[in-house]
Amino acid sequence: MGGLLPLLGMLAAAVLVCDCSPQQIRPCESDKINFLSFFPCTDSEPQRSLQKCDVFLYPAAQLAVKHINQHPRMLKYQGFNNTLNLIPTGTRGDVHFTTFFHAQHVGPELPLIHGIIGPDDSVIAERTAYISGNYFQTHMISYGARDPSLSDSERYPLFYRSLPSGLFLDAGIVALLKMFGWKRIAVLASVEERFYTKTGEQLVQMTLEQHQDLRVEFYGNIGDNLHFVFKEILAVDLRIIIGLFSQEVARRLLCEANRFNSSLTDSSHVWLLLDYYNPVWWRLSEEERGRLHLSQGNCTNQEVADILESVLFLDSFNYNIASNEHDPSNLSLQDFHEQLLNWTVTTHPSLGNSSNLTAYLLHSHASAAYDAVWALALAWNETTPKLIFE
């Protein structure tokens with residue numbers, strides 16, 4: 001994230017005063033602070049959500065709202081007692097965003113927006129951040145959009161994030177390669193999201209700049225050329241395979257690698273994959289497998305489980321969180337996880353019980369979603385009294 005202090009300064013500098021025009025945000029006239037929120041799968045079936053989404057993101061944001069509204073020093077001023085309100089957009093965040101801001105300038109049918117939380121998709125984040133920052137002077141904090149291009153403060157002047165960009169993950173990968181002395185590397189990226197190919201290109205550049213003695217080959221459009229890629233990996237003896245693609249592509253690619261040449265997935269090769277929110281992303285029902293062609297990753301679950309013995313997963317998250325006097329939420333990481341599990345089970349019972357959901361916390365970015373809501377609320381908490389009383 002760009003840091004809370006710059007956010008406070010920019011929010012204070014925005015035109016958010018009581019004598020502004022009807023089309024501008026006027027916090028002094030309402031008892032609600034409304035954050036438009038982008039969260040995936042909030043309108044999906046529970047089991048599909050578990051398979052396709054980080055199911056803790058929206059509950060974490062809701063939990064943050066609960067804690068903020070209960071806090072005696074948050075959004076409460078002399079004569080004013082504001083409450084924070086999340087307005088979810090559903091899965092198609094880009095469409096809902098356009099509709100919402102159209103309503104903002106046409107009539108009072110929908111509440112005014114005082115900030116934006118999310119999304120986790122970098123493409124939607126770029127569109128939203130550009131429009132909200134340049135045309136609506138609305139601050140936006142993402143909990144999951146990692147594309148490094150979003151760090152361009154001139155193009156996205158009011159965009160922040162509560163987790164590092166893809167460059168941070170790249171730096172971690174390079175450090176890992178150095179620590180193990182791995183020197184023959186293949187980087188495979190899928191074109192399904194631009195983030196994957198851009199991160200792959202930057203990873204190769206960073207690796208070669210810091211370690212000229214490495215052999216690094218980049219395959220940025222694996223698509224249907226998998227057999228060519230596998231053949232070349234074996235021909236030039238690349239032993240470390242870094243995969244930048246979704247969990248759906250990962251299963252298919254690992255299966256095809258194993259069928260092409262089993263040595264690609266045994267202990268002679270190491271695969272490094274990105275974090276996947278579903279801890280059993282590789283497991284399919286017999287019905288799901290029956291719909292797959294051999295070229296679509298139609299391995300048995302046991303075959304994939306054996307392949308995963310040679311796979312490492314990479315992620316970045318706030319691990320060393322501790323309670324301290326400067327943290328208004330006053331939660332340790334353990335406290336946060338316990339409260340989040342209880343809150344999720346209570347508010348979203350269709351997802352299952354806490355014992356079934358615990359494994360999904362492993363690669364969840366829930367803490368980033370929680371922090372994003374707190375950061376934007378703290379910005380309002382610090383600046384609104386100045387806008388009202390000065």
Side-chain angles (χ1 to χ4, degrees), residues 1-16 20-21 23-27 33-40 42 57 61 86-106 110-170 191-202 365 368-369 371-373 375-377 379-380 383:
M1 188 171 63
L4 185 56
L5 290 178
L7 177 61
L8 295 175
M10 295 182 73
L11 187 54
V15 185
L16 305 174
C20 57
S21 70
Q23 294 162 335
Q24 292 171 316
I25 301 172
R26 303 172 73 176
I33 301 293
N34 298 305
F35 291 169
L36 185 66
S37 60
F38 294 72
F39 289 98
T42 54
L57 291 174
L86 280 185
I87 303 176
T89 64
T91 303
R92 290 298 308 281
D94 53 342
V95 175
H96 289 271
F97 170 82
T98 304
T99 303
F100 240 98
F101 275 99
H102 176 72
Q104 292 287 83
H105 283 250
V106 173
L110 295 171
L112 288 170
I113 301 303
H114 302 88
I116 301 172
I117 303 297
D120 64 341
D121 181 275
S122 292
V123 174
I124 296 178
E126 287 183 356
R127 299 172 187 162
T128 310
Y130 182 81
I131 296 172
S132 63
N134 290 288
Y135 295 99
F136 295 100
Q137 291 75 52
T138 302
H139 291 75
M140 172 178 171
I141 302 183
S142 172
Y143 52 81
R146 290 182 167 183
D147 195 320
S149 64
L150 285 162
S151 298
D152 184 348
S153 59
E154 291 189 4
R155 183 170 178 80
Y156 311 109
L158 303 183
F159 175 82
Y160 303 84
R161 45 185 154 205
S162 55
L163 84 172
S165 76
L167 289 177
F168 181 86
L169 196 60
D170 285 349
V191 295
E192 59 184 321
E193 285 191 27
R194 187 184 59 187
F195 166 71
Y196 294 132
T197 53
K198 289 184 66 175
T199 300
E201 292 168 354
Q202 290 163 343
H365 290 156
D371 289 346
V373 177
L376 197 52
W380 275 104
T383 57

With rounding to the nearest 0.5 angstrom, report the CG to CZ distance, Leu169 to Arg146.
5.5 Å
Give the minimum heavy-atom separation between Ile116 and Ser132, together with the two atoms involved.
CD1-CB, 3.7 Å
His365 and Asp120: side chain to side chain contact (heavy atoms under 4.5 Å, CB included), yes or no, with the steps?
CA-CA 10 Å; His365 290 156; Asp120 64 341; over 6 Å; no
Contact summary for Arg155 and Asn134, nearest pair of heavy atoms:
O-ND2, 3.0 Å
Does Pro157 reach the side chain of Gln137, with side-chain heavy atoms less than 4.5 Å apart?
no
Check the angle between the aromatic planes of His114 and Trp380 and answer parallel, tilted or perpendicular using the 30° and 60° thresholds.
perpendicular
Smallest heavy-atom separation, Tyr156 atom then Tyr130 atom, equals CD2-N, 3.7 Å
Identify the two heavy atoms, one from Phe39 and one from Ile117, that lie closest to each other, and give their separation to 0.1 Å.
CZ-CG2, 4.0 Å
What distance do Phe159 atom CZ and Thr128 atom OG1 have between them, rounded to the nearest 0.5 Å?
9.5 Å
Quick one: are Phe136 and Ile113 in side-chain contact, heavy atoms under 4.5 Å?
no
Between Ser142 (side chain) and Pro119 (backbone), is there a donor-acceptor pair under 3.5 Å?
yes
Shortest non-hydrogen contact from Ser37 toward Leu86
CB-CD2, 4.1 Å
What heavy-atom pair brings Phe35 and Ile33 nearest, and what distance separates the two atoms?
CE2-CG2, 3.5 Å
Go through the steps for Leu158 and Met140 under the test side chain to side chain contact (heavy atoms under 4.5 Å, CB included), then give the verdict.
CA-CA 6 Å; Leu158 303 183; Met140 172 178 171; over 6 Å; no
Just by modelled atom types, is the Asp371 backbone N or O under 3.5 Å from a matching donor or acceptor in the Ser162 side chain?
no
With sequence neighbours left out, what residues match Gln202 under side-chain contact (heavy atoms from CB on, under 4.5 Å)?
Pro148, Leu167, Asp170
Could you work out, with side chain to side chain donor-acceptor pair (under 3.5 Å) as the rule, every residue matching Ser153, not counting sequence neighbours?
none
